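Just below is one structure, and these are the notes that go with it.
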There are 2 protein chains.
Amino acid sequence: MEQEVAEDAGVSSSAVDQTVRQILDLIRNRAMSVGDVLPTERELGELFGASRNTIREALRTIRTYGLIDPKPRVGAVLADRHDIAIQNFFAAQMDISRTSFNDIQGFRRIIEVSIGDHIILNASAAELDALDEVNGLIETSKDVQEAAQRDFDFHMALMKLADNRMLVQTYQFLSPVILHIMTVGKSIRPVLSETRHAHGEIIAALRTRDRIAYSYLMSRHLDFGLRFVPDDLENTRISPAMPGQTSSKDSDNA
Amino acid sequence: MEQEVAEDAGVSSSAVDQTVRQILDLIRNRAMSVGDVLPTERELGELFGASRNTIREALRTIRTYGLIDPKPRVGAVLADRHDIAIQNFFAAQMDISRTSFNDIQGFRRIIEVSIGDHIILNASAAELDALDEVNGLIETSKDVQEAAQRDFDFHMALMKLADNRMLVQTYQFLSPVILHIMTVGKSIRPVLSETRHAHGEIIAALRTRDRIAYSYLMSRHLDFGLRFVPDDLENTRISPAMPGQTSSKDSDNA
DNA sequence: GACAGGCTATTGGTCCAACAATATGGTCGC
DNA sequence: GCGACCATATTGTTGGACCAATAGCCTGTC
């Protein structure tokens with residue numbers, strides 16, 4: 001076996017790390033894209049002269065990056081799961097329990113209030129109509145949970161108008177916490193019609209491209225919602241998206 | 001009550017995924033921090049009733065997150081290598097999907113341009129002076145890397161004025177990628193004085209509480225920086241951010 | 001020919017038992 | 001006291017084994 005030891009950034013390190021690079025190179029050299037399948041673990045082992053366990057650890061790394069999704073009897077198929085992967089990175093890095101709910105609500109406030117300019121500049125009439133539709137669903141909710149989900153859906157739809165994946169992913173990451181806050185708030189003070197109305201005003205401000213009104217309305221809306229959330233909400237532990245769901249679960253079938 | 005993942009609880013995910021969660025829980029429950037060492041692989045295996053290979057794959061995932069740094073004969077020590085981890089993450093992504101960098105810059109644009117209102121309302125004169133000081137360091141930079149770091153420091157200081165931990169955490173999370181973008185930009189067009197001047201104008205706008213000017217200046221500043229970043233940023237490898245250096249190897253010395 | 005149902009082989013998932021490399025810590029000789 | 005040396009514990013790597021699931025073939029019925 002060649003040792004490939006070189007002053008070249010000391011990359012020879014471990015067999016697993018080498019294998020990670022080799023597999024990534026393989027993907028690139030073969031110009032593989034989403035949907036293609038990698039050689040089997042046993043074949044990769046033979047190809048790179050590494051044991052299957054080593055290959056598996058390398059694949060585990062690549063899998064953590066969200067690049068592959070191993071399927072039994074098929075092989076590791078190239079995937080574009082980087083959104084889930086980055087959420088897992090988020091979850092692993094940030095101990096959400098240490099970031100207070102006030103911080104998260106404050107974050108929302110900063111984002112959502114100030115996103116107005118961007119939306120006003122870019123959103124089409126059709127998109128605003130779609131927003132109206134989402135908002136209309138709120139009052140059809142059967143229980144508090146559903147209402148919270150619909151409420152969240154509206155705010156998420158708003159974020160999506162900003163057309164930035166990083167932003168959407170951040171919100172998706174925070175969704176369990178935000179939903180929790182909304183659920184608690186609505187349990188204490190279930191006024192779906194008011195929420196719907198406030199959302200409606202916000203949409204109207206967007207339609208007339210009145211950024212001042214938007215800022216004011218959104219700001220008021222968020223403050224209002226927060227007013228009915230008890231201070232000791234901090235103690236309620238919520239688990240954000242934990243690492244592990246690199247596959248299955250998501251029902252994004254066509 | 002729990003939102004649990006649809007059908008069945010926990011059993012659905014693989015043994016490795018379960019182990020990842022268990023280890024992360026272990027770290028959290030024992031309130032372990034950087035420098036502490038995890039139980040040995042065999043102990044973890046006994047603890048969770050999993051084979052050593054399973055434990056190792058789980059550790060490999062956590063290692064990919066940059067949370068641990070296994071040392072022979074010592075054990076896996078808690079580490080804070082998320083910067084390298086994120087860099088590796090994006091480096092791996094770039095080979096396949098090429099839109100991430102634009103997403104990040106777009107995200108910055110949304111955040112930084114719109115944060116102005118918030119800062120104008122809350123920042124004290126002393127804080128703005130401190131900002132000036134940070135900005136002054138830019139032109140003292142010896143090399144491109146340092147300049148990028150100083151540039152980032154300024155924008156980070158700006159974010160901190162918003163006084164929101166979630167926001168700061170998000171920026172810290174993205175910092176390796178942002179630094180990379182900045183480094184590439186400055187390598188191509190090293191004009192530190194222009195950067196300093198642009199920052200100065202932004203601070204001035206904050207001082208006079210001119211939110212219109214701030215928006216315009218910040219927007220122009222970010223667009224300007226982005227203009228000199230090549231489209232094929234993926235191929236521009238500054239520092240080999242390839243997987244492998246989760247440990248030592250990288251020069252701690254001069 | 002078409003469809004249904006069962007069979008088989010392939011593949012990932014997990015486990016086991018070793019050996020290699022290496023750093024730690026203790027022990028011995030001086 | 002101190003340095004050389006060795007035992008030992010731990011991760012790194014290997015080769016193999018078995019299991020569960022299932023894609024695709026094979027067969028049989030209509």
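The structure displayed is predicted, hence computed values, not measured ones. Reminder, nothing fancy here: chain letters follow the sequence lines and each chain counts from 1. As a basis for the values below, the full set of heavy atoms in this structure was taken, side chains included, without hydrogen atoms, waters or symmetry mates.
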Requested in this report: Say whether A/Glu57 and A/Asn53, considering side chains only, have a donor N or O and an acceptor N or O under 3.5 Å apart.
Outcome: no

Query raised in the report: How long is the line joining CD of B/Gln18 and C1' of C/dT14, in whole Å?
Result: 13 Å

Query raised in the report: So, B/Arg60 versus A/Thr64: side-chain donor-acceptor pair below 3.5 Å or not?
Result: no

Requested in this report: Answer yes or no: is there a donor N or O on one side and an acceptor on the other, between the side chain of B/Asn88 and the main chain of B/Ala85, under 3.5 Å?
Outcome: no

Query raised in the report: Starting at CZ of B/Arg73 and ending at P of D/dA7, how long is that distance when rounded to a whole Å?
Result: 14 Å

Requested in this report: Report the nucleotide, chosen from D/dT13, C/dG13, D/dA23, that has the shortest atom-to-atom distance to any side-chain atom of A/Glu41.
Outcome: C/dG13

Query raised in the report: What's the CZ-P distance between A/Arg52 and C/dG12, to the nearest Å?
Result: 7 Å

Report summary line: dist A/Gln169:CD -> B/Phe107:CZ (nearest 0.5 Å) comes out at 10.0 Å

Query raised in the report: Any side-chain N or O of A/Arg63 less than 4.0 Å from the OP1 or OP2 oxygen of C/dG13?
Result: yes

Query raised in the report: Please give, in whole Å, the distance from C/dA17 P to B/Ile55 CD1?
Result: 16 Å

Report summary line: In whole angstroms, the gap separating C1' of D/dG15 from CZ of A/Arg42 amounts to 12 Å

Query raised in the report: Which one, C/dG13, D/dG12, C/dT24, comes nearest to the side chain of B/Val74?
Result: C/dT24

Report summary line: Ranking B/Ala50 and A/Ala76 by the position along DNA chain C of their nearest nucleotide, the one closer to 5' is A/Ala76

Requested in this report: Please state whether the phosphate of C/dC15, meaning OP1 or OP2, lies under 4.0 angstrom from any side-chain nitrogen or oxygen of B/Thr54.
Outcome: yes

Report task. Measure the distance from CD on A/Glu46 to P on D/dG15 and round it to the nearest whole Å. Result -> 11 Å

Query raised in the report: Does B/Arg56 place a side-chain N or O at less than 4.0 Å from the phosphate oxygens OP1/OP2 of D/dT14?
Result: no

Requested in this report: Identify which nucleotide among D/dG15, D/dT13, C/dT10 has an atom closest to any side-chain atom of A/Asn53, counting heavy atoms from C-beta outward.
Outcome: D/dG15

Query raised in the report: Under 4.0 Å between a side-chain N or O of B/Thr40 and OP1 or OP2 of D/dA9?
Result: no

Query raised in the report: Atom CG of A/Asp17 and atom C1' of D/dT13: how far apart are they, to the nearest Å?
Result: 13 Å

Report summary line: Atom CG of A/Asp69 and atom P of C/dT11 are separated, to the nearest Å, by 17 Å

